[in-house]
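One structure below.
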There are 2 protein chains.
Amino acid sequence: MYTLSEENYLKSIYRLSQQSNFKITPTAIAESLKNNPASVVDMIRKLTDKQLIEYDKKKGVKLTPVGLKDAVLIVRRHRLWEVFLLEKLGYHWDEIHDIAEELEHISDATLADRLDKFLGFPEYDPHGDPIPKANGKVPKPYSVTLADLKIGTNCRVAAVKDTSSSFLQYLQKLDIGIGTNIKLLEKITYDNSLVISINDKENTTVSQKFGENILVD
Amino acid sequence: MYTLSEENYLKSIYRLSQQSNFKITPTAIAESLKNNPASVVDMIRKLTDKQLIEYDKKKGVKLTPVGLKDAVLIVRRHRLWEVFLLEKLGYHWDEIHDIAEELEHISDATLADRLDKFLGFPEYDPHGDPIPKANGKVPKPYSVTLADLKIGTNCRVAAVKDTSSSFLQYLQKLDIGIGTNIKLLEKITYDNSLVISINDKENTTVSQKFGENILVD
DNA sequence: ATATAAAATTAGTCTTAACTAATTTTATAA
DNA sequence: TTATAAAATTAGTTAAGACTAATTTTATAT
Ligand SMILES: [Mn+2]
Ligand SMILES: [Mn+2]
Ligand SMILES: [Mn+2]
Ligand SMILES: [Mn+2]
């Protein structure tokens, strides 16, 4: 149906549309895919011709209903495979993303639904991201970050925004995973560092960037 | 490591080297991959440069030790995924080959071994083909076909040579699968058709071609 | 309003992996 | 042995999807 590149662009545009309200520009897409804006312009033309996106210099790139539906299905496959890799094959949560980047492109009409069933219809992937349903409905993702909380609040780690190995391995070192209980004790005025207590244990200080990449419940 | 095309060529050359002693020519490879001999000549040059094959006009194409090792690993992945698709996701044996053709190219150092373990280290894939071991050893495949048997012999279906949907669906209709018991009752002299009894049930006549594509134990 | 910087676009190049058409080499049959 | 057919190879083309460099458009700051 789609080429590998087309799918990666669709997914990238979808992700950008989810993670903020900024205009989706060729440069933004180029950054997210780590390629050249000139290449992006070419692909924008191609996807526009295929009626998967619309591009307006003022409004930026938008997925059409068809483009959105298919982007969501790719994300669905990605997240289901991540669950499989972690739960069935015993990978750690910092190893699964790159493999799922390849698996998500396997095209078979019933594969995702069978995998979904096999995994017991999981709601969230191992990073706390919601898994789109077979009908294309996407459960609402978590949106409040650790950095948004008021001093003294207790919370549960629900998801991570950054899925890079370095961030996930740092979390592992701090004994933080999905479900971990965190209490925000103090915000350092100087640089917005956060003093937290992890699972009621001794205090730890983390950066603002760190706090902004943890979604809580 | 390798491109999709390189992997498909390696696998194709490996398969040709397994299924007969004929010289592996550009034309033979072209047929097996359904593409043009001219394209094959290009790729032979490329794989030769990479020292994965050797090509001699007299002897044809041969895999080098490195090429052989990697071809076997691709086949290993293919067959393991076939087991997964059948046993875990509930596909039928005529549906799995094409999906495994895509899955076999997922490259991750430990994926095949984890999958192998998850599946309980299966010896054979759903078509009866032996699954190469992690160390590259390939169990000996079955080699005696139904057409090779003497009249009156009883046998167990061990593997199928042809994995096309049409053949597998025909087998399904006849209630023949891996493990089915077959007794060869008669060979029709005229066209080598075979009269067989399936699981001791009523007699059926099948073609010579059919008999040559069933491997027995 | 104008200068400057950033973003978008165009033009042209490259690589991979296919193809067709033409040619050369090798095998086969009369 | 020679004619013919088949196979292999070469030459040239195409398409996708990336790139760089140059240019044009748009945004931002003085
Ligand atoms: Mn991921
Ligand atoms: Mn994830
Ligand atoms: Mn197969
Ligand atoms: Mn098989």
Side-chain angles (χ1 to χ4, degrees), chain A residues 1-14 16-17 20-63 67 70-71 74 98 101-102 104-105 107, chain B residues 1-14 16-17 20-63 67 70-71 74 101-102 104-107:
Chain A
M1 190 70 171
Y2 299 128
T3 67
L4 186 64
S5 280
E6 287 169 349
E7 292 200 344
N8 283 331
Y9 274 92
L10 279 185
K11 193 160 57 92
S12 165
I13 293 164
Y14 175 73
L16 290 169
S17 77
S20 75
N21 293 12
F22 292 138
K23 191 167 88 167
I24 298 172
T25 60
T27 335
I29 298 170
E31 263 169 36
S32 114
L33 289 169
K34 292 181 211 293
N35 58 13
N36 194 289
S39 314
V40 175
V41 170
D42 282 347
M43 188 56 94
I44 284 176
R45 196 161 297 131
K46 192 177 169 198
L47 295 178
T48 301
D49 289 349
K50 291 198 169 191
Q51 310 206 41
L52 297 168
I53 61 173
E54 279 172 6
Y55 180 40
D56 178 294
K57 259 154 270 228
K58 302 281 172 189
K59 298 181 184 172
V61 174
K62 290 244 178 327
L63 290 165
D70 291 334
I74 300 164
D98 291 346
E101 283 294 318
E102 300 188 51
E104 72 192 5
H105 302 292
S107 62
Chain B
M1 189 70 169
Y2 299 128
T3 66
L4 186 66
S5 279
E6 286 169 350
E7 291 200 345
N8 283 331
Y9 274 92
L10 279 184
K11 193 161 57 92
S12 165
I13 293 164
Y14 175 72
L16 290 168
S17 78
S20 75
N21 293 12
F22 291 138
K23 191 167 88 165
I24 298 173
T25 60
T27 335
I29 298 171
E31 263 169 38
S32 114
L33 290 169
K34 293 179 211 289
N35 58 13
N36 194 289
S39 314
V40 175
V41 170
D42 282 346
M43 187 57 94
I44 284 176
R45 196 160 297 130
K46 192 177 171 198
L47 295 177
T48 302
D49 289 348
K50 291 196 168 192
Q51 311 207 40
L52 297 168
I53 61 172
E54 279 171 6
Y55 180 40
D56 178 292
K57 259 156 269 228
K58 302 282 172 189
K59 298 179 184 173
V61 174
K62 289 244 178 327
L63 291 165
D70 291 333
I74 300 164
E101 284 293 319
E102 301 188 50
E104 72 192 5
H105 302 292
I106 306 291
S107 62

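Numbered from 1 within each chain, the chains take letters A, B, ... in sequence-line order. What you see is a predicted model, and the numbers here were worked out from it, not measured in a lab.
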_Just the rounded figure in Å: distance from C1' of dT9(C) to CG of Asp56(A)._
16 Å
*Can you tell me if Thr48(B) uses its side chain to pair, donor with acceptor, with the backbone of Ile44(B) under 3.5 Å?*
yes
*In whole Å, what is the span from the CD atom of Glu6(B) to the C1' atom of dT15(C)?*
12 Å
*Atom CG of Leu4(A) to atom P of dA17(C): distance rounded to whole Å?*
14 Å
_Output the rounded distance in Å from CG (Asn35(B)) to C1' (dT16(C))._
14 Å
*Evaluate the side-chain proximity of Lys46(B) to Asp42(B): yes if any heavy-atom separation is below 4.5 Å, no if none is.*
no
_Do Asn8(B) and His105(B) have side chains that approach each other closer than 4.5 Å (heavy atoms only, starting at C-beta)?_
yes
*So do the side chains of Ser107(A) and Tyr2(A) get within less than 4.5 Å of each other, counting heavy atoms only?*
no
*asked:* For dC19(D) and Ser39(A) - does any side-chain N or O of the residue sit under 4.0 Å from the phosphate oxygens OP1/OP2?
replied: yes
*asked:* Taking only side-chain N and O atoms of Tyr9(A), does any of them lie within less than 4.0 angstrom of OP1 or OP2 on dA16(D)?
replied: no
*Atom CE of Met43(A) to atom C1' of dC19(D): distance rounded to whole Å?*
14 Å
*Using atom CG of Leu47(B) as one end and atom C1' of dT16(C) as the other, report the distance to the nearest whole Å.*
13 Å
*Is any side-chain N or O of Tyr2(B) closer than 4.0 Å to OP1 or OP2 of dT16(C)?*
no
*Among dA17(C), dT10(D), dG17(D), which nucleotide sits nearest the side chain of Arg45(B)?*
dT10(D)
*asked:* Donor-acceptor pair, distance only, cut-off 3.5 Å: does the side chain of Lys50(A) make one with the backbone of Gly67(A)?
replied: no
*With a 4.5 Å heavy-atom cut-off, do Ile29(A) and Leu16(A) have their side chains touching?*
yes
*Tell me which nucleotide among dT16(C), dT10(D), dA18(D) gets nearest to the side chain of Ser5(A).*
dA18(D)
*How does each nucleotide of nucleotides 21-29 of chain D score, in 5' to 3' order, for protein heavy atoms under 4.0 Å: base (B), sugar-phosphate only (S), or none (-)?*
---------
*Starting at atom CD1 of Ile29(B), determine the distance to atom P of dA18(C), rounded to an integer number of angstrom.*
12 Å
*Side chain of Pro37(B) only, please: which of dT9(D), dT10(C), dC19(D) is the nearest?*
dT9(D)
*Calculate the interatomic distance between Asp42(B) atom CG and dT10(D) atom C1'; express it in whole Å.*
9 Å
*Are any non-hydrogen side-chain atoms of Tyr9(A) and Asn35(A) less than 4.5 angstrom apart?*
yes
